[in-house]
Student: 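Okay, here's the structure, questions in a sec.
Just so it is clear, the model here is predicted, and its values are computed rather than measured. Note that these values count all heavy atoms, side chains included, but never hydrogens, waters or copies made by symmetry. Along the sequence shown, residues carry numbers from 1.
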Amino acid sequence: MLRLPAGFDTLVTTDFTLEGVHFRREWHPADAVGHRCLTRGLSDIASMGGEPVAAFLSLAVPAEMEQRWIDDFFVGLHALAETFKIPLAGGDIAQSPRGIMADITVMGAVPKGQAIYRSGAKDGDRIFVTGELGGPVALLKQMFEDPEKKFRAKSYPAHFYPTPQVVVARYLRERELATSMIDISDGLSTDLAHICEESGVGAIVNRTAIPRASVGRHEVPLKDALHGGDEYQLLFTCPQGKRVPKVIAGVAVTHIGYITPDKGEVMLQEEGGYPTELVAGGWEHFTDKTPGKRKKK
């Protein structure tokens with residue numbers, strides 16, 4: 001039984017983490033899988049400006065699963081839960097006929113009337129993103145290209161141990177800076193299209209403004225920053241005239257474009273040229289998920 005604070009609305013989100021889709025045991029340490037599993041739910045709560053309250057986990061594993069893997073999975077999940085002071089309040093454990101399946105449910109709370117939706121963007125609003133983009137999918141491509149190579153998880157935290165931007169979202173909500181918001185789990189191009197669709201607006205994005213991550217010594221390609229996904233950064237819009245800091249709670253915040261009145265039209269401003277259509281090329285369910293082979297809308 002949970003008692004949510006008086007004067008708050010309840011937020012609920014649920015997300016699967018599936019072996020072979022979201023992780024591979026030969027690539028991802030068990031504690032990273034647990035961390036990423038909870039991150040998916042926490043990031044959804046953050047994207048509406050909410051505070052996480054409790055998590056519930058249903059975990060199915062094969063009969064031959066080593067206990068050590070399960071223990072390490074919970075080490076990663078509990079470590080992140082402790083960071084945000086939320087309990088693992090319940091769930092279920094079952095035997096899976098094939099592969100590991102984890103379903104995380106996270107409950108959150110937001111002051112009544114203060115939830116941030118995807119549908120609030122207005123013509124003239126500026127578009128911002130937190131952090132750097134493209135790192136997780138760029139690393140994933142390297143994994144597919146060299147599946148036998150061992151990547152040190154601690155050296156690539158953006159992929160193995162992503163940070164849900166709960167603190168940044170709280171700052172934006174408390175100062176009424178965000179008119180709309182979403183977390184970048186499906187890719188910048190796709191998630192921006194979601195905001196435009198829900199808000200009935202268009203957008204123009206400055207190609208050179210997009211903050212690109214580096215993997216190793218190399219900056220990721222623009223297409224990875226545009227379409228990569230699995231970021232758990234925030235994409236939000238803010239009215240003209242309101243000041244958005246360049247850094248919030250230690251996280252970089254970058255102005256990348258503007259909302260336009262052209263419903264559903266998302267454009268990419270090329271350097272020294274005319275804008276071109278930015279086709280949503282991020283994650284799509286029930287299509288080939290191999291990096292570089294995603295079906296485009």
Student: Does the side chain of Phe74 reach to within under 4.5 Å of the side chain of Leu88, using non-hydrogen atoms?
Tutor: yes
Student: Excluding sequence neighbours, so at least two apart, what forms side chain to side chain contact (heavy atoms under 4.5 Å, CB included) with Pro111?
Tutor: Phe8, Gln114, Arg173
Student: Between Ile45 and Leu11, which heavy-atom pair has the shortest distance, and what is it?
Tutor: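 Scanning both residues completely, I find the closest heavy atoms to be CD1-CB, 3.8 Å.
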Student: Give every donor-acceptor pair under 3.5 Å between a side-chain atom in residues 52-60 and any protein atom, sequence neighbours left out.
Tutor:
none

Student: What is the minimum heavy-atom distance between Pro29 and Ala153, and which atoms define it?
Tutor: CG-CB, 3.8 Å
Student: Output all residues satisfying side chain to side chain contact (heavy atoms under 4.5 Å, CB included) with Thr10, sequence neighbours left out; order by chain, then residue number.
Tutor: Leu4, Val12, Met107
Student: Using the side chain to side chain donor-acceptor pair (under 3.5 Å) rule, collect all pairs that involve residues 258-268, keeping only residues at least two apart or in two chains.
Tutor: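 For residues 258-268: none.
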Student: With side chain to side chain donor-acceptor pair (under 3.5 Å) as the rule and sequence neighbours excluded, what pairs involving residues 89-103 come up?
Tutor: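 Non-adjacent pairs meeting side chain to side chain donor-acceptor pair (under 3.5 Å): Thr14-Asp103.
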Student: Closer than 3.5 angstrom, by distance alone: can the side chain of Arg170 be matched with the main-chain N or O of Glu51 as a donor-acceptor pair?
Tutor: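 Such a contact is absent between Arg170 side chain and Glu51 backbone.
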Student: With Leu226, which residues qualify under side chain to side chain contact (heavy atoms under 4.5 Å, CB included), at least two apart?
Tutor: Leu188, Ile210, Leu222, Leu268, Leu278
Student: Can you name the residues that form a ring pair (Phe, Tyr, Trp, His ring centres under 6.0 Å) with Tyr161, not counting sequence neighbours?
Tutor: His35
Student: Do Arg68 and Asp72 sit within salt-bridge range, that is, some charged N less than 4.0 Å from a carboxylate O?
Tutor: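 The answer is yes: the pair qualifies as a salt bridge.
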Student: Any pair with a residue in residues 81-120 that passes ring pair (Phe, Tyr, Trp, His ring centres under 6.0 Å), sequence neighbours left out, goes on the list, sorted by first then second residue, please.
Tutor: none
Student: Compare all side-chain heavy atoms of Arg118 with those of Glu197 and state whether any distance is below 4.5 angstrom.
Tutor: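 SC-SC contact between Arg118 and Glu197 ruled out.
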Student: Not counting sequence neighbours, which residues clear side chain to side chain contact (heavy atoms under 4.5 Å, CB included) with Asp230? List them please.
Tutor: Arg36, Pro136, His159, Tyr232
Student: Which residues satisfy the side-chain hydrogen bond (donor to acceptor under 3.5 Å, both in side chains) test with Thr237, sequence neighbours excluded?
Tutor: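 Thr237 satisfies side-chain hydrogen bond (donor to acceptor under 3.5 Å, both in side chains) with Thr179, Ser180 only.
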Student: Only pairs at least two apart or in different chains count here, so list each ring pair (Phe, Tyr, Trp, His ring centres under 6.0 Å) that has a residue in residues 169-191.
Tutor: none
Student: Go through the structure and list residues passing ring pair (Phe, Tyr, Trp, His ring centres under 6.0 Å) with Phe160, not counting sequence neighbours.
Tutor: His28
